[in-house]
Novice: 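Got a structure for you, questions after.
Numbered from 1 within each chain, the chains take letters A, B, ... in sequence-line order.
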Amino acid sequence: MKNILRQLITDAANTAFDNKEFNSNEFAEFVIEEPKADAHGDLSTNFAMVNAKTQKMAPRQIAEILIRCIGNDHPMIEKAEIAGPGFINFFISTAAWYPVLSDIFEKDTRYGFSDMGKGQKVQVEFVSANPTGPLHVGHGRGAVVGDSVAALLSACGYDVHREYYINDAGKQIQTLGLSVFLRCQELDGKTVEFPEDCYQGDYIHDIAKALKDEKGDWIHTISENDAIAFCSGFAADRMIIRIRSVLNSLGIEFDNWYSEQALVDSGKVESVIQKFKDRDLIYEKDDALWFRTEPFGDEKDRVVVRNNGQSTYFASDIAYHQDKLDRGFDRIIDVWGADHHGYIPRIRASIAASGKDEKQFVVILTQLVNLLRKGIPVSMGKRSGHFVTLKEVIEEVGRDAVRFIFLTRHYDSPLDFDLEVAKQKTNDNPVYYVQYVHARISSIIKKAREENGITEITFNETAVAKITEPEELRLIKHLARYPETVCASAEFMEPHRVAFYLMELAADFHAYYNKHRVLTEDPVLAAGRLYLILAVQKVIRNGLTLLGVSAPDAM
RNA sequence: GCCCCCGUAGCUCAGUGGAUAGAGCAAUAGAUUCCUAAUCUAUGUGCCGCAAGUUCGAUUCUUGCCGGGGGCACCA
């Protein structure tokens with residue numbers, strides 16, 4: 001609808017120039033939008049105002065000429081008015097809206113999809129939590145946002161790859177191994193001193209027990225160093241299995257789990273360091289190796305190999321991001337918690353230093369999550385081991401509510417997650433409000449089938465022409481906006497736009513439902529209305545799918 | 001001290017330069033012999049943190065300040 005109007009305006013503007021009514025054919029960029037007030041029509045443009053300069057004319061005069069050149073013979077335009085400082089308001093004829101419905105039926109699950117991405121390869125890397133402890137709600141937010149962004153990009157014609165980077169190399173994994181090893185010794189009745197910087201949580205006990213069940217006393221037959229190393233690998237594997245299962249329960253699956261240890265073993269870390277050394281981008285100071293990130297906009301240079309010979313996390317990350325680009329992705333998106341923001345300049349620097357386009361690298365920073373219960377903060381101490389895990393939150397609140405709550409806020413603003421509110425089945429918790437639309441429509445269709453003997457709902461011109469109530473046209477107009485909502489949501493990587501769209505559509509539907517009956521005495525009218533509500537249901541389902549939320553037939 | 005994010009109705013939050021700034025919750029009053037009341041209808045609420053600047057027009061962009069959160073390791 002907007003595209004047609006845009007073309008009409010552009011054509012009319014060129015006609016006006018050909019008629020020598022406009023002074024220039026260099027037109028400024030203009031927007032077409034839905035006015036907030038109904039009195040301002042269905043669509044409006046600021047064309048006249050933004051072109052006051054290019055035409056050296058008053059906006060209202062430009063508007064007058066433009067409307068004249070558009071003429072009144074186009075079937076879509078009922079009338080066009082000039083308003084305010086120079087807005088042109090268009091009123092669209094009722095009949096012009098009906099094709100929206102058949103378009104939805106035709107495209108069905110693909111209604112809202114587009115080819116905006118033109119098949120570009122995009123990688124979304126998200127969660128990537130260290131396998132040293134359970135996931136918490138903060139990880140959950142990143143997981144849900146990353147997954148939904150991936151779904152949106154996929155719907156918009158990008159070739160999307162979901163990846164989880166496992167930090168299974170380095171000191172924290174050794175600490176994990178040591179923690180498990182010590183708990184194993186405790187199981188054998190030894191009293192051990194458990195260091196404060198080891199992982200305190202109960203899950204360490206669980207892993208130690210599992211190891212003992214599987215291997216018996218075997219680990220005591222090998223050297224302590226070997227035993228700790230074995231514990232590290234065993235524990236990391238166990239943790240990844242747990243993490244994967246929690247993410248699966250949120251409906252999240254990855255195309256690839258990328259191991260840092262495998263990256264190190266492949267020699268890619270070493271070779272990338274050598275490469276940068278050769279170009280004098282890495283230098284030695286105080287027995288350590290430093291990367292020159294400062295010339296590329298970082299605050300200061302960063303260490304890649306410590307004076308004890310161990311490479312840092314950053315060294316692996318340089319190689320990892322090089323590897324991503326080498327794999328041919330046009331864009332790589334990292335979803336990180338806001339506490340990692342200081343890390344962005346150095347990764348960006350490493351990409352720029354390698355001669356690659358740093359614009360290919362995008363970071364989504366999700367702000368922190370405050371976990372509350374009835375407004376009171378729930379403690380989140382990580383070392384103490386006493387904190388509410390993501391798994392517990394999902395079990396208590398449910399997958400759909402968890403996902404929807406994370407997606408009804410811009411990822412950029414801090415989020416209060418109240419467990420009690422999240423469990424309520426009222427409009428405090430809009431996920432049910434939206435799902436209820438889907439269930440209600442299913443229920444009506446079921447009744448139509450069972451009691452009215454309606455077996456199929458298809459396009460019928462006379463039936464659709466009976467859709468004339470204001471609430472019905474409001475619904476159709478809303479449905480027409482869905483594709484552009486999805487596009488914008490993907491373009492800005494902001495899934496919350498889809499969530500808000502769905503809440504508004506749901507409100508329009510519930511209002512309609514309460515005012516008008518679908519299954520009326522008049523079978524033709526009923527057929528038209530069934531066609532309309534089935535279209536609503538398809539859009540609700542499509543939107544919820546992008547958010548990873550289920551669309552139930554009954555509630 | 002430096003860097004990032006936030007500041008919009010009593011609360012939780014939308015609003016990528018446009019017209020009279022919105023929604024839910026909370027409050028009050030109503031609606032169901034009828035397709036699911038997890039619903040709907042009606043009623044009020046605002047120095048859009050403050051101050052300059054940019055322009056036809058700023059909640060939106062720029063700068064400074066105030067307030068809240070986070071980050072500034074040879075940790076990950």
Novice: A:His510 has a side chain; which of B:rC74, B:rG18, B:rU39 sits nearest to it?
Specialist: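 Of the candidates, B:rU39 comes closest.
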Novice: May I ask you to verify whether the side chain of A:His410 and the base of B:rC13 hold a donor-acceptor pair under 3.5 Å?
Specialist: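 For A:His410, whose side chain was compared with the base of B:rC13, there is no donor-acceptor pair (under 3.5 Å).
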Novice: For A:Asp301, which contact category applies under a 4.0 Å heavy-atom criterion: base, sugar-phosphate, or nothing?
Specialist: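 Touches nothing.
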Novice: Closest to the A:Pro85 side chain: B:rG18, B:rA37, B:rC5?
Specialist: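 From the listed options, B:rG18 comes nearest.
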Novice: In terms of side-chain heavy atoms of A:Arg409, which of B:rA76, B:rC35, B:rC13 is nearest?
Specialist: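 In terms of side-chain proximity for A:Arg409, the closest of B:rA76, B:rC35, B:rC13 is B:rC13.
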Novice: In terms of the nearest nucleotide of RNA chain B, which residue is placed more toward the 5' end: A:Tyr512 or A:Leu365?
Specialist: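 Nearest nucleotide further toward 5': that of A:Leu365.
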Novice: Check whether the aromatic ring of A:His40 stacks on the base of B:rA19, taking stacking as ring centres less than 5.5 Å apart and planes within 30° of each other.
Specialist: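 So A:His40 counts as stacking on the base.
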Novice: Select base, sugar-phosphate, or nothing to describe what A:Lys425 touches, counting heavy atoms under 4.0 Å on all strands.
Specialist: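 Base, at least one base heavy atom under 4.0 Å.
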Novice: Going by purine N1 to pyrimidine N3 plus the second Watson-Crick contact, or the G-U wobble pair, all under 3.5 Å, which nucleotide sits opposite B:rC65?
Specialist: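 B:rG49 is the nucleotide pairing with B:rC65.
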Novice: Whom does B:rA31 pair with, Watson-Crick or G-U wobble, provided both distances fall under 3.5 Å?
Specialist: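 Answer to the pairing question: B:rU39, which forms a Watson-Crick or G-U pair with B:rA31.
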Novice: Please state the P separation for the pair B:rG22 and B:rU43 - nearest whole angstrom.
Specialist: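 One P to the other, the span is 14 Å.
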Novice: Let's see if you can work this out: which of B:rA76, B:rC6, B:rC13 has an atom nearest to the side-chain heavy atoms of A:Phe500?
Specialist: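 In terms of side-chain proximity for A:Phe500, the closest of B:rA76, B:rC6, B:rC13 is B:rC13.
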Novice: Rounded to whole Å, please give me the gap between CH2 in A:Trp336 and P in B:rG70.
Specialist: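 Answer to the nearest Å: 20 Å.
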Novice: Roughly, in whole Å, what's the span from CZ in A:Phe404 to C1' in B:rU12?
Specialist: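 Rounded to the whole Å, the gap is 14 Å.
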Novice: Using atom C1' of each nucleotide, how far apart are B:rA21 and B:rC66 to the nearest Å?
Specialist: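 So the two C1' atoms sit 24 Å from each other.
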Novice: Starting at atom CD of A:Glu494, determine the distance to atom P of B:rC5, rounded to an integer number of angstrom.
Specialist: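 Rounded to the whole Å, the gap is 14 Å.
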Novice: Taking the cut-offs as 6.0 angstrom to the six-membered ring centre and 45 degrees off its axis, would you call A:Arg348 and A:Phe296 a cation-pi pair?
Specialist: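 A:Arg348 over A:Phe296 ring: no.
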Novice: Counting any heavy atom closer than 4.0 Å, what does A:Ala37 reach on the DNA or RNA strands: base, sugar-phosphate only, or nothing?
Specialist: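 The answer is nothing, as A:Ala37 stays clear of every strand by at least 4.0 Å.
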Novice: What is the nucleic acid contact for A:Lys36, judged by heavy atoms within less than 4.0 Å: base, sugar-phosphate only, or nothing?
Specialist: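 Sugar-phosphate contact only - A:Lys36 comes under 4.0 Å of backbone atoms but never of a base.
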Novice: What nucleic acid atoms does A:Asn307 come within less than 4.0 Å of, heavy atoms only: base, sugar-phosphate, or nothing?
Specialist: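 If one applies the 4.0 Å heavy-atom cut-off, A:Asn307 turns out to touch a base.
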Novice: Select base, sugar-phosphate, or nothing to describe what A:Tyr433 touches, counting heavy atoms under 4.0 Å on all strands.
Specialist: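 If one applies the 4.0 Å heavy-atom cut-off, A:Tyr433 turns out to touch the sugar-phosphate alone, with no base involved.
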Novice: Under 4.0 Å, heavy atoms only, any strand: does A:Leu368 hit a base, just the sugar-phosphate, or nothing?
Specialist: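 Touches sugar-phosphate only.
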Novice: Under 4.0 Å, heavy atoms only, any strand: does A:Ala511 hit a base, just the sugar-phosphate, or nothing?
Specialist: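 Sugar-phosphate, backbone atoms only, no base.
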Novice: Considering only heavy atoms and no angle criterion, is a donor-acceptor pair shorter than 3.5 Å present between the side chain of A:Thr408 and the base of B:rA14?
Specialist: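 Result: no qualifying N/O pair found.
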Novice: I want to confirm an ordering. Mapping A:Thr45 and A:Asn167 to their closest nucleotides on RNA chain B, which one lands closer to the 5' end?
Specialist: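 Upstream on the strand: A:Thr45.
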Novice: Is A:Phe87 stacked on the base of B:rA19 when the test is centres under 5.5 angstrom and planes under 30 degrees?
Specialist: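 A:Phe87 vs B:rA19: stacking yes.
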Novice: Would you kindly check whether a donor in the side chain of A:Asp317 faces an acceptor in the base of B:rA76, or vice versa, at under 3.5 angstrom?
Specialist: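 Under the 3.5 Å cut-off, the side chain and the base do not form any donor-acceptor pair.
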Novice: Side chain of A:Asn46 only, heavy atoms from C-beta on: which candidate in B:rU16, B:rG18, B:rC35 is closest?
Specialist: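 Selected nucleotide (nearest to the side chain): B:rG18.
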Novice: Can you find a heavy atom in the side chain of A:Tyr203 that is under 4.5 Å from one in the side chain of A:Thr389?
Specialist: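 No, too far: nothing below the 4.5 Å cut-off.
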Novice: Which listed nucleotide (B:rC34, B:rU16, B:rA19) is nearest to the side chain of A:Arg517?
Specialist: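 From the listed options, B:rC34 comes nearest.
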Novice: Could you check how far CG of A:Asp339 sits from P of B:rA76, rounded to whole Å?
Specialist: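 Rounded to whole Å, this separation is 15 Å.
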Novice: Between A:Phe22 and A:Phe27, how do the two ring planes meet: parallel, tilted or perpendicular, split at 30° and 60°?
Specialist: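 Taking A:Phe27 first and then A:Phe22, their aromatic rings stand perpendicular (interplane angle over 60°).
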Novice: Mind calculating the distance between CG (A:Asp197) and P (B:rA73) to the nearest angstrom?
Specialist: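 These atoms are roughly 20 Å apart.
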Novice: With under 30° as parallel and over 60° as perpendicular, where do the rings of A:Tyr501 and A:Tyr482 fit, or are they tilted in between?
Specialist: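 Tilted, since the angle between the ring planes falls between 30° and 60°.
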Novice: Where the side chain of A:Tyr432 is defined as all heavy atoms beyond and including C-beta, which of B:rC3, B:rA37, B:rA38 is the nearest nucleotide?
Specialist: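 The answer is B:rA38.
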Novice: Which part of the nucleic acid does A:His438 contact within heavy-atom distance under 4.0 Å: base, sugar-phosphate only, or nothing?
Specialist: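 Contact class for A:His438: none.
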Novice: Between B:rC74, B:rA38, B:rG71, which nucleotide has the shortest distance from any of its atoms to the side chain of A:His341?
Specialist: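 My answer, after comparing the listed nucleotides, is B:rG71.
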Novice: P atom, B:rG68 versus B:rU28: distance in rounded Å?
Specialist: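 Comparing P positions in B:rG68 and B:rU28 gives a spacing of 35 Å.
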Novice: How is A:Arg302 classified with respect to the nucleic acid when contacts are heavy atoms under 4.0 Å: base, sugar-phosphate, or nothing?
Specialist: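 Touches nothing.
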Novice: So if I apply the salt bridge (charged side-chain N to carboxylate O under 4.0 Å, His left out) rule between A:Glu472 and each of A:Arg529, A:Lys515, A:Lys477, A:Lys466, which one comes out positive?
Specialist: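 Only one of A:Arg529, A:Lys515, A:Lys477, A:Lys466 forms a salt bridge (charged side-chain N to carboxylate O under 4.0 Å, His left out) with A:Glu472, namely A:Arg529.
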Novice: So what does A:Ala83 touch, heavy atoms closer than 4.0 Å: a base, only the sugar-phosphate, or nothing?
Specialist: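 Result for A:Ala83 = base.
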Novice: Using the C1' atom as the point on both nucleotides, what is the distance between B:rA73 and B:rU54, in whole Å?
Specialist: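 Per the computed distance, 42 Å lies between those C1' atoms.
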Novice: Considering only B:rA37, B:rA76, B:rA38, which nucleotide approaches the side chain of A:Met555 most closely?
Specialist: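 Per side-chain heavy atoms of A:Met555, the pick is B:rA38.
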Novice: Can you tell me, in whole Å, how much space there is between the P of B:rC56 and that of B:rG64?
Specialist: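 It works out to 25 Å between them.
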Novice: Quick test of your reading of the model: are A:Lys374 and A:Asp418 salt-bridged, counting only N-O distances below 4.0 Å?
Specialist: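 Salt bridge between A:Lys374 and A:Asp418, a charged N being under 4.0 Å from a carboxylate O: no.
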Novice: Is it true that A:Arg497 and A:Glu494 make a salt bridge, defined as a side-chain N closer than 4.0 Å to a carboxylate O?
Specialist: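 Answer for the salt bridge query: yes.
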Novice: Would you mind classifying the nucleic acid contact of A:Asp416 as base, sugar-phosphate or nothing, using non-hydrogen atoms under 4.0 angstrom?
Specialist: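 The answer is sugar-phosphate, as A:Asp416 gets under 4.0 Å only of primed atoms, P, OP1 or OP2.
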Novice: Taking the basic N atoms (NZ, or NE/NH1/NH2) and the acidic carboxylate oxygens, is any pair closer than 4.0 Å for A:Lys53 and A:Glu26?
Specialist: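 Not counted as a salt bridge, because no side-chain N and carboxylate O are separated by less than 4.0 Å.
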Novice: Of all the choices, B:rC35, B:rG18, B:rC40, which nucleotide is nearest to the side chain of A:Val518 once you look at every atom?
Specialist: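 Of the options given, the side chain of A:Val518 lies nearest B:rC35.
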